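In what follows, a single structure is set out as structure tokens and then discussed.
Owing to the predicted nature of the structure, the values given are computational and were not obtained by experimental measurement.
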Amino acid sequence: MRHTESDLRDLLAEQVETRGEPAANLAAIVRRGRRLRRTRRVVTAGAALAAAVVAVGLTTGLPGGPPEPDGTTVAQAPGPTRVHPGPKVPDSYTVVLGAERFRLPLLHSERFATTGAGRAVTFTPVSFSTAFRVFCADPQAWVVTEMQLKGGEPGGTAGRCGKGAGGHHDRRSAPTGWLEGPQTIRVWVYPADAPVRKVAETVTGCPPVGGGPGGCDEPAQARSLLRPEVRDRLSAEVGEAPGGWAVALYDRPEPTPAD
């Protein structure tokens with residue numbers, strides 16, 4: 001119920017007559033009531049605004065932006081991740097032996113994401129005609145391969161990846177027991193800018209190939225990588241680093257003799 005100022009005046013006059021109390025200052029009472037009403041409106045509006053802010057925070061989340069003055073950083077949604085595909089591995093390998101030319105289908109492949117350490121790839125050949133290739137995301141990467149030769153001794157290749165790192169066995173070059181169980185190829189891949197020359201000169205002196213005037217050129221550096229002590233020193237120098245590469249094995253069944 002609301003009262004007018006006239007009602008209040010009559011009530012105060014009645015109190016004076018019946019109780020003998022001094023008349024109150026009506027103007028002061030009215031001013032005090034107006035201040036109370038304004039205070040209530042401000043408090044109510046502030047509570048409504050706070051509720052609205054909370055509602056927005058719950059429905060839309062906090063906006064992203066630079067760090068606040070107190071050092072707090074608001075997390076933002078991550079951007080798209082760029083995926084770098086590894087080297088492509090062909091489905092077949094072409095072998096040329098004199099006038100003979102044929103293709104071997106892919107038998108087995110393995111992929112690796114780092115360089116600088118030796119890796120062993122084990123497979124079971126299905127024929128004497130077995131080939132393998134190393135493919136690198138960076139064609140200029142250094143590659144060393146090692147596998148068993150005809151007499152059982154280790155042999156291999158070394159050089160830049162894009163120049164054809166790999167090898168091939170046939171009936172005449174396959175080691176004894178080639179088809180009797182799993183075989184292993186070891187592969188080392190180093191970054192293109194690995195300090196091959198510095199390590200080779202430190203460990204072996206890096207003599208030129210054939211004793212010629214070439215000095216410690218790339219052929220001499222590649223030959224030095226065939227030595228385990230050079231590879232061990234180089235691996236210690238460069239450590240493991242990101243770099244995609246793959247090993248692919250190609251093979252074919254021997255033709256079945258006619259009855």
Side-chain angles (χ1 to χ4, degrees), residues 85-112 118-190 192 196 207-214 217-228 231 244-259:
K88 181 180 179 181
V89 173
D91 294 331
S92 62
Y93 179 86
T94 302
V95 177
V96 179
L97 294 174
E100 187 181 12
R101 182 185 181 94
F102 54 90
R103 299 176 74 83
L104 302 177
L106 181 65
L107 172 69
H108 174 74
S109 66
E110 292 186 22
R111 293 182 176 273
F112 303 91
R119 306 290 185 181
V121 178
T122 301
F123 66 102
T124 301
V126 297
S127 76
F128 287 107
S129 187
T130 307
F132 74 95
R133 285 289 308 274
V134 180
F135 302 94
C136 307
D138 182 0
Q140 291 301 308
W142 288 95
V143 177
V144 185
T145 67
E146 183 179 274
M147 65 187 305
Q148 188 178 3
L149 300 181
K150 179 71 173 180
E153 72 279 9
T157 62
R160 299 289 186 175
C161 189
K163 295 184 178 180
H168 173 254
H169 273 319
D170 57 21
R171 183 178 291 275
R172 292 175 298 179
S173 65
T176 302
W178 182 249
L179 298 180
E180 295 178 2
Q183 305 293 334
T184 298
I185 296 173
R186 291 187 61 81
V187 181
W188 294 259
V189 177
Y190 299 101
V196 177
V209 175
D217 55 10
E218 285 214 354
Q221 295 172 40
R223 185 179 64 176
S224 71
L225 286 173
L226 295 175
R227 300 182 59 165
R231 295 196 299 268
W245 56 282
V247 180
L249 281 301
Y250 300 89
D251 209 329
R252 69 173 181 178
E254 289 293 321
T256 303
D259 294 334

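- A donor-acceptor pair under 3.5 Å is formed between the side chain of Arg111 and the backbone N or O of Pro87.
- With rounding to the nearest 0.5 Å, the separation of OG1 in Thr124 from CD in Glu180 is 12.5 Å.
- In this structure, Leu179 CG and Arg171 CZ are separated by 8.0 Å, a value rounded to the nearest 0.5 Å.
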Exercise. Show the numbers, then the answer: is there a side chain to side chain contact (heavy atoms under 4.5 Å, CB included) between Glu146 and Trp188?
Key: CA-CA 9 Å; Glu146 183 179 274; Trp188 294 259; 3.9 Å; yes
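- The two residues Gln148 and His169 make their nearest non-hydrogen contact at O-NE2, 3.3 Å.
- The side-chain hydrogen bond (donor to acceptor under 3.5 Å, both in side chains) check on Thr130 picks up Trp178, Asp251, with sequence neighbours excluded.
- Thr145 contributes a side-chain N or O that, together with a main-chain N or O of Thr157, makes up a donor-acceptor pair within less than 3.5 Å.
- The shortest heavy-atom contact between Gln183 and Gly177 is NE2-O, 3.4 Å.
- Taking all atoms of both residues into account, the shortest heavy-atom contact from Trp245 to Val187 is CZ3-CG1, 3.6 Å.
- No side-chain heavy atom of Arg119 sits less than 4.5 Å from a side-chain heavy atom of Val247.
- Remark: Asp217 engages no residue in a side-chain hydrogen bond (donor to acceptor under 3.5 Å, both in side chains) (not counting sequence neighbours).
- Rounded to the nearest 0.5 Å, atoms CZ (Phe102) and CZ (Arg252) are 4.5 Å apart.
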Practice problem: In sequence, state the C-alpha distance, the side-chain angles, and the governing distance for Phe112 and Val189, and then conclude on side chain to side chain contact (heavy atoms under 4.5 Å, CB included). | Solution: CA-CA 10 Å; Phe112 303 91; Val189 177; over 6 Å; no
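- Applying the side-chain hydrogen bond (donor to acceptor under 3.5 Å, both in side chains) criterion to Tyr190, with sequence neighbours excluded, gives Ser235.
- Heavy atoms only, all atoms of each residue included: Cys161 and Val134 are closest at SG-O, 3.6 Å.
- Arg103 meets the salt bridge (Lys or Arg N to Asp or Glu O under 4.0 Å) test with no other residue; sequence neighbours excluded.
- Leu104 approaches Ala131 most closely through the heavy-atom pair CD1-CB, 3.9 Å.
- Distance CG/Leu107 to OH/Tyr93: 14.5 Å, rounded to 0.5 Å.
- No side-chain heavy atom of Val95 sits less than 4.5 Å from a side-chain heavy atom of Asp170.
- For Arg133, the side-chain hydrogen bond (donor to acceptor under 3.5 Å, both in side chains) test picks out no residue, with sequence neighbours left out.
- Arg160 pairs by the salt bridge (Lys or Arg N to Asp or Glu O under 4.0 Å) definition with Glu218, not counting sequence neighbours.
- In this structure, Arg231 contributes its side chain and Leu226 its backbone to a donor-acceptor pair below 3.5 Å.
- Checked by atom type and distance alone, the side chain of Arg172 never pairs as donor or acceptor with a backbone atom of Lys150 at under 3.5 Å.
- A pairwise comparison of heavy atoms in Gly181 and Pro125 identifies O-CD, 3.8 Å as the closest pair.
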